[in-house]
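As a basis for the values below, the full set of heavy atoms in this structure was taken, side chains included, without hydrogen atoms, waters or symmetry mates. Read the numbers this way: they start at 1 and go in the same order the structure lists the ligands and their atoms. One is the number of the first residue; the rest follow in order along the sequence.
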Amino acid sequence: MKIANKMTKAVDLVQEALEKVEKYKDYNIFTFVNAENALKKAAIIDAKIKKGEPVGRLAGVPYALKDNFLSPEGETTASAKILTGFTSPVTATSVKKLEDEGAIMIGRTNLDAFAHGSSTENSYFGVTKNAKDKTRVAGGSSGGSAVAVALDIVQFATGTDTGGSIRQPASFNGVFGLKPTYGAISRYGVVAMASSTDCVGFFTREASDLDLLMSITAGRDPKDQTTLPDFYESSEGDKKDFPGQRAGYDRALARDTRDDGLARRVSREVLSYRIGVIKDFKSDILDKKVKELSAKGFEIKEVSLPTLKYALAVYYVTVPAELSSNLSRHDGIRYGFRSKDANTLSDLYEHTRAEGFMPENKRRIMIGNFVLSSGFYDAYFMKAAKARTLIINEYEKAFRDVDFLLTPVSPNPAFKIGEKVNDPLAMYLEDVMSVPANLAGLPALAFPAGETDNGLPVGLQLLGPRRSDAELIKFAEENL
Ligand code: GLN
């Protein structure tokens, strides 16, 4: 990371980023530009540096914030009409931690409305263009964040990954994208999609930057009871709120507290990782990478995960169920947009929701309500929950034989804008290789692995057991 110091002024870093925001305007990356606030904050940091006062680990680093993170800077819309006009009174825990270290938000980035999608074509603000080919999609849902990093506008960007929304756009634009272990980073202040799979994560151009960002943001949060203890413990907040716990990021700690698979490798004290490839998840780029890693001396094993064929179906039952419940709070009373065309209370609810949600949001709300309805709950929602447990167990078993799994991120590179937009099922198929990590709560790191003949970036992803985030990043730093 390029951090402000005596030589590099924060104001210059911010100014440079803002100029690039302007230069790449036609990519439709940002839903809001934070110019005035950003420059003010940068000036404060520069003044501190001048006086020799301490500044944070991200002092003056410009970053982009996916527009589903709450903070009072700019409207938080989640790229949905129904949230337009909504300025948050609260700040997401992850945002607060980044800002406490001196990071400066340059702008909010475009996504598929409420993060439902794989291309940003479901955004109320239109599609974000791919960093390498403007006729193609950025991927999604965190398309804006991926392109902001790929075009070097900012040094890092935040994302959320419910079923691939960090990894797939990272892969489509040639950058790193980390979806951490479920519960690693607080979800407090992040617009909820599906609470049992949502994860906060990051886009960077260097693997080592992911390590720094995790060390700053991961850890217990009293405002999110699903956050994990002893996980990259670091922030002042952790120390204050959980005084008994260790503070200070320590890779060895992350390693020690790991489940069975890791402990064994550490006790062997041999860094010869065993890397699994999944029988049904293959690609040319993957083959090439496997040869490379094998030549470096890593043991490659083929792994069979028969329940994976159910993962997409499980995802598209479980996630709509959860999101239909999470989206019920948008009623035209509490946040943002309200329909003008309403004479009664139920008209107000109905018209606000009809006008404010995108078609894909509505489709998922309908599916969610259907699978949760009394006649179908057992046949769909419960069945999916049971199948999900089988998937989780199968991964756990696989990680007794291998340390990591290496798979493609998506079945194809960035597709043309408009190509899948009228075919929701084709769009859902995009997610077939990314959703399993979310269902099982596993960390997964997407990294640039090559390109197609016509120059489109292609990423691969490395999955590890829960809590192996530090190890994945270290492996990527050293070997990918
Ligand atoms: N593309 C997936 C979906 O549409 C994942 C979205 C996400 O991770 N937010 O559900």
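- Using bins of under 30°, 30° to 60° and over 60° for the plane-to-plane angle, the ring pair Tyr27/Tyr24 lands in the perpendicular bin.
- Shortest contact from atom 2 (C) of ligand 1 to any protein heavy atom: Asp431 OD2, 3.1 Å.
- For a threshold of 3.5 Å applied to N or O pairs, the pair formed by Met193 and ligand 1 contains no separation below that value.
- Note on ligand 1: Tyr315 sits in its first shell, one or more heavy atoms being nearer than 4.0 Å.
- What sits closest to atom 9 (N) of ligand 1 on the protein, heavy atoms only, is Ser165 OG, 2.7 Å.
- Nearest non-hydrogen protein atom to atom 1 (N) of ligand 1 is Ser118 OG, 2.8 Å.
- Looking only at heavy atoms of the protein, atom 4 (O) of ligand 1 is closest to Arg364 NH2, 2.8 Å.
- Ring centroids of Tyr380 and Phe370 are separated by less than 6.0 Å, placing the two rings close together.
- Two rings, from His330 and Phe114, have their centers less than 6.0 Å apart.
- For Lys362 and Phe357, the positive end is not near the middle of the six-membered ring at less than 6.0 Å and at most 45° from its axis.
- Using a 4.0 angstrom heavy-atom cutoff, Asp161 counts as in contact with ligand 1.
- Taking any N or O of Thr162, backbone or side chain, at least one lies under 3.5 Å from an N or O belonging to ligand 1.
- The aromatic rings of Tyr63 and Phe156 lie parallel to each other, with less than 30° between the two planes, well short of the 60° mark.
- Here is the list of ligand 1 atoms found below 4.0 Å of a heavy atom in Ser141: 9 (N).
- For Gly163, a nitrogen or oxygen atom sits less than 3.5 Å from a nitrogen or oxygen atom of ligand 1, counting backbone and side chain alike.
- Remark: Thr31 OG1 to Leu111 CG distance equals 7.5 Å, nearest 0.5 Å.
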CA sep, side-chain torsions, deciding dist, call: Asp152, Arg205, salt bridge (Lys or Arg N to Asp or Glu O under 4.0 Å)
CA-CA 8 Å; Asp152 196 11; Arg205 286 188 300 279; 2.6 Å; yes

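- Within the listing of ligand 1, atoms 1 (N), 2 (C), 3 (C), 4 (O), 6 (C) sit less than 4.0 angstrom from a heavy atom of Gly117.
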Working for salt bridge (Lys or Arg N to Asp or Glu O under 4.0 Å), residues Glu360 and Arg364
CA-CA 6 Å; Glu360 181 60 28; Arg364 294 187 188 210; 2.7 Å; yes

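- In this structure, atom 3 (C) of ligand 1 lies nearest to the protein heavy atom Tyr316 OH, 3.3 Å.
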